[in-house]
Every structure is written in structure tokens, then in C-alpha cells.
Amino acid sequence: MAKVALSSIAKSFGPTKVLGGIDLDIADGEFLTLVGPSGCGKSTLIRIIAGLEHHDAGSVAIGGNRVDHLRPHERRVAMVFQSYALYPHMSVGANIALPLTMSRLKLWQRLPLLRQLSAQRRTVMRGIEADVAAVAAQLQLDHLLQRKPAQLSGGQRQRVALGRAMVRNPDVFLMDEPLSNLDAKLRVHMRTELAELHKRLGATFIYVTHDQVEAMTMSDRVAMMDSGSVLQLGTPSQLYEKPASLKVAQFIGSPAINLLPATVANGGRLELFGRPLALAVPLASGQAVTLGIRSEALSLVQGEPGGSGRAWFSARLRRKENLGSEYILHFDLAGRDATGVTMRATPAAAAGVNEAAEVTLGFDEVAAHIFAADGERLEPRGPGAATGSVVPLRAGA
Ligand SMILES: Nc1ncnc2c1ncn2[C@@H]1O[C@H](COP(=O)(O)OP(=O)(O)O)[C@@H](O)[C@H]1O
Ligand SMILES: [Mg+2]
């Protein structure tokens with residue numbers, strides 16, 4: 001059991017700054033996911049925690065002790081890689097046992113001829129076999145211990161790699177995109193397996209992925225990274241419901257959040273496509289902002305659009321995407337080439353719109369996320385602002 005504390009971790013490769021001072025406290029037993037686009041520094045950070053890479057500045061503490069000077073195997077961490085890194089010539093059992101044979105047997109006991117003679121070695125080997133059997137049983141690999149990795153499916157290989165990490169009984173599991181090589185269906189299955197394994201073991205998991213669905217479904221908390229820094233740290237719901245910036249909003253959620261251009265009018269009131277909203281923000285008039293609307297927050301408006309706290313705009317249905325249990329409707333915005341929007345709909349609602357039909361889409365203004373031109377989230381002054389509580393931000397505004 002161990003918490004992990006990262007403080008001001010910085011790293012450059014030559015002239016390229018890859019991590020720009022990362023602070024992150026991971027609780028004992030937590031499942032924390034580092035998520036972000038390819039190249040943002042996730043692998044570099046997790047390799048620094050593992051001791052496989054050296055940081056230029058800052059410190060790593062595991063279980064309250066600084067480990068910066070410790071070698072990987074002295075840190076009580078175990079890493080699972082995307083590539084599995086199994087030895088093809090060794091059986092599944094020997095692959096899982098490897099960390100134990102390396103740590104428990106002396107060098108001469110591993111040599112082919114001498115090892116036959118040692119009774120002490122046999123005792124150690126029996127202990128190792130028992131530990132391997134216990135892990136193999138947990139991962140349902142017991143019947144595969146004699147096979148070679150090439151004789152296994154992708155999912156089974158992944159479990160062998162997990163087993164090799166588990167057999168060391170580490171305080172912290174470090175996983176770098178461990179599911180990326182699996183097909184879609186198996187990935188979904190392994191998400192559940194990993195989440196359950198985490199519960200069962202009670203160990204700290206630090207998990208790296210570029211897949212926001214993996215991050216959202218398994219983690220206690222998610223650290224969203226971009227360009228070598230953490231943009232936001234929070235529970236999956238916090239990142240989804242209150243993204244701190246446009247980048248987080250765009251990365252988290254599928255289909256991607258809808259973005260609509262809006263402008264600030266007098267008193268900070270927002271205007272969407274020339275129509276005033278009840279929302280107001282603390283910005284001077286004339287500035288551009290972006291409204292983020294999740295696809296489930298949109299609905300088809302029947303009859304008169306508008307009403308208190310309801311925004312609306314016209315759109316034309318481009319395509320219906322049938323997901324079985326629901327539809328994703330893709331709309332073009334009337335008179336605007338560039339932006340489209342997506343809306344989730346029940347099959348019944350989707351049946352009510354024909355392709356190329358002109359419709360009115362509406363949303364509750366409180367469901368809108370507002371982002372300033374620099375991408376920072378803005379908290380609106382809310383529909384209450386419409387009743388005259390807005391204070392002009394500058395003279396003449
Ligand atoms: N050993 C290395 N030498 C030089 N550049 C590297 C090395 N490892 C990673 N990088 C660079 O550092 C950046 C971050 O890489 P990485 O941590 O692997 O990102 P991620 O895992 O988020 O995709 C990338 O631009 C990558 O090219
Ligand atoms: Mg990586």
C-alpha cells in the first residue's frame with residue numbers, strides 16, 4: 001500500500017521540454033489515470049515514477065519516502081507495458097515467475113548445471129511455483145502455464161503481463177496503455193477486469209491511456225494532460241460536468257462536445273447567432289466566447305422555440321447514426337458551413353426527423369459550458385442576470 005507524490009517533475013529530451021513541472025498526489029489505493037493526446041508526456045511521466053527514466057528536476061515519493069535515487073526494482077512498483085514484453089522462448093509460468101526467480105535466486109542458482117545440485121534452490125522454486133499458481137488462478141491462467149506466449153490470444157498475453165506484475169506484490173501498479181493492442185470487444189471486457197482487479201488488490205494503480213473512455217470508466221480520478229502539464233485533475237464526473245478548459249471539454253466525452261460561437265453584448269449578456277441569451281459573463285462587450293453543449297443536452301423543439309432560459313437555433317439533419325439503443329443525429333447549422341452539431345436521440349425521436357429536414361434545436365442555457373477566447377472556463381452569472389442584476393464592466397458597456 002502506498003501513496004505516490006510527484007512534486008515539480010520536469011523533463012526535457014535535448015532541447016525539447018516534455019514535462020513542465022508536474023505536481024500530482026495519488027492516494028493510497030487510488031486508481032488514477034493519466035489521459036491525454038499522443039505525445040503529451042504520459043509515458044515519460046509514468047516511466048519516471050517507475051525509475052526507468054530520470055527526471056531533470058523535482059521529486060518522486062512512494063509511501064512517503066523519496067525514491068529518486070532508487071533503481072526500478074527497489075521501488076516496490078510493477079509496470080505493465082502496451083507491448084506486454086513477454087519472453088517468447090519461456091513458458092507462461094516462467095514468464096510470470098521471472099521477477100521472483102530474479103529476486104529470490106542467487107545468480108549461480110540460475111545457471112543450468114549448478115542449479116540441479118542445490119537443495120536450497122528447490123525449496124525456493126517451490127515457493128515461487130506456489131506464488132505463480134496463486135496469481136495464475138486469480139487471472140484464470142492456471143491451465144495455460146505450460147504454453148508459450150505465441151500460443152495465447154491477445155487477451156491471455158495481456159493477463160500474463162498482468163500476472164508478472166502481480167506476482168511481485170507491488171504497492172503500486174504502473175500501466176502504460178495496457179489494452180491498446182486488444183480488439184475493441186476485448187478492451188471493453190478487460191476494462192471491467194482491471195477495475196475489479198484493482199478493487200480486489202487494494203493497490204495503487206497509475207494508468208496511462210489516450211482513450212478517454214478507458215479513463216472515464218475505470219478511474220477514481222483522472223489527470224488530463226496536454227503538452228507536458230496537467231490541465232485538470234478530478235473525478236470522471238468533474239471532468240465531464242465541469243471541464244476547466246475548452247481542451248478538456250473537447251477531449252472528454254463521445255460524441256465530442258458541440259461548440260457554438262457566441263458573442264458578448266452589453267452588460268456581459270451572451271448572444272447566440274444574434275439572439276440574446278439569459279446568460280451573462282464578466283467580459284466586456286464585443287468579445288467572442290465559445291458555448292460547449294453536450295450532445296445529450298440538445299433536443300428537438302416542437303412548436304414555438306425559446307422560453308425562459310431556453311436557447312435555440314436552426315439546423316438541417318445531415319445523417320442519422322444508428323447505435324441500436326440510441327441514435328446520434330448529425331446536423332449542419334443553417335447558413336454555416338463549418339460547424340455541425342451532434343445530438344443523442346431515442347430511436348423514436350430519430351424516426352420523427354427525415355434526412356435534410358430543417359429543424360429547430362434547443363437547450364437549457366444552464367447546461368452550456370462557456371469558454372473565453374483563451375479557452376478558460378467562465379462561470380456565467382446565470383439566467384438571473386437577465387432580470388437586470390448585471391453591472392456594466394466598463395464605462396459605456
Ligand atoms: N527517449 C526520448 N528521446 C527524445 N524524445 C523523446 C523520448 N521519449 C519521448 N520523447 C518525446 O517526448 C514527448 C512525450 O512523449 P511520451 O511521454 O511518449 O508521450 P505520450 O506517452 O503521452 O504519447 C514526445 O514528443 C516524444 O517524441
Ligand atoms: Mg505513451
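Order of appearance sets the numbers: ligands from 1, and atoms from 1 within every ligand.
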- protein heavy-atom neighbour closest to atom 19 (O) of ligand 1 works out as Gly41 N, 3.3 Å

- Message: So that I can tick it off, tell me whether Arg221 and Glu30 are bridged by a salt bridge, with the cut-off set at under 4.0 angstrom between side-chain N and carboxylate O.
- Response: yes

- Query: Does the protein put a heavy atom under 4.0 Å from atom 2 (C) of ligand 1?
  - Reply: yes

- Query: Counting only heavy atoms on the protein side, is anything nearer than 4.0 Å to atom 27 (O) of ligand 1?
  - Reply: no

- Query: Mind checking whether Cys40 has an N or O less than 3.5 Å away from an N or O of ligand 1?
  - Reply: yes

- How far is atom 16 (P) of ligand 1 from its nearest protein heavy atom, and which residue and atom is that? Thr44 OG1, 3.6 Å

- Message: Would a single hydrophobic cluster contain both Leu246 and Leu260, if residues Ile, Leu, Val, Met, Phe, Trp and Tyr are joined by side-chain heavy-atom contacts under 4.5 Å?
- Response: no

- Item | Test applied, side chain to side chain donor-acceptor pair (under 3.5 Å); reference residue, Asp332; option that passes from Arg319, Arg316, Arg318 | Arg318

- Query: Just checking, Lys11 and Phe13: is the charged tip under 6.0 Å from the six-membered ring centre and within 45° of the axis?
  - Reply: yes

- Query: What is the nearest protein non-hydrogen atom to atom 12 (O) of ligand 1, stated with its residue, atom name and distance?
  - Reply: Val18 CG2, 3.2 Å

- Glu379, CD: over 12 other non-hydrogen atoms inside 6.0 angstrom: yes

- Message: So, at under 2.8 Å, which protein N, O or S atoms would a careful student list around the Mg ion (ligand 2)?
- Response: Ser43 OG

- Met225 and its side-chain contact (heavy atoms from CB on, under 4.5 Å) partner, picked from Leu45, Leu233, Leu231: Leu45

- Message: I'd like to know if the side chain of Asn95 reaches the main chain of Tyr87, judged simply by a donor and an acceptor atom lying under 3.5 Å from each other, with no hydrogens or angles considered.
- Response: yes

- Message: Within a 6.0 Å radius of atom CZ on Arg200, are there more than 12 heavy atoms belonging to other residues, nucleotides or ligands?
- Response: yes

- Query: How far is atom 9 (C) of ligand 1 from its nearest protein heavy atom, and which residue and atom is that?
  - Reply: Phe13 CE1, 3.4 Å

- Protein contact of atom 21 (O) of ligand 1 - nearest heavy atom, named by residue and atom, plus distance: Ser43 OG, 2.8 Å

- Item | atom 25 (O) of ligand 1 [closest protein heavy-atom partner, distance rounded to 0.1 Å] | Gly39 O, 4.0 Å

- Task: Assess whether atom NZ of Lys320 is packed by more than 12 heavy atoms of other residues, nucleotides or ligands within 6.0 Å.
- Result: yes

- Task: Apply the test side-chain contact (heavy atoms from CB on, under 4.5 Å) to residues Leu194 and Met175: give CA-CA distance (whole Å), side-chain angles for both, the deciding distance (0.1 Å), then the verdict.
- Result: CA-CA 11 Å; Leu194 278 179; Met175 306 193 181; 4.1 Å; yes

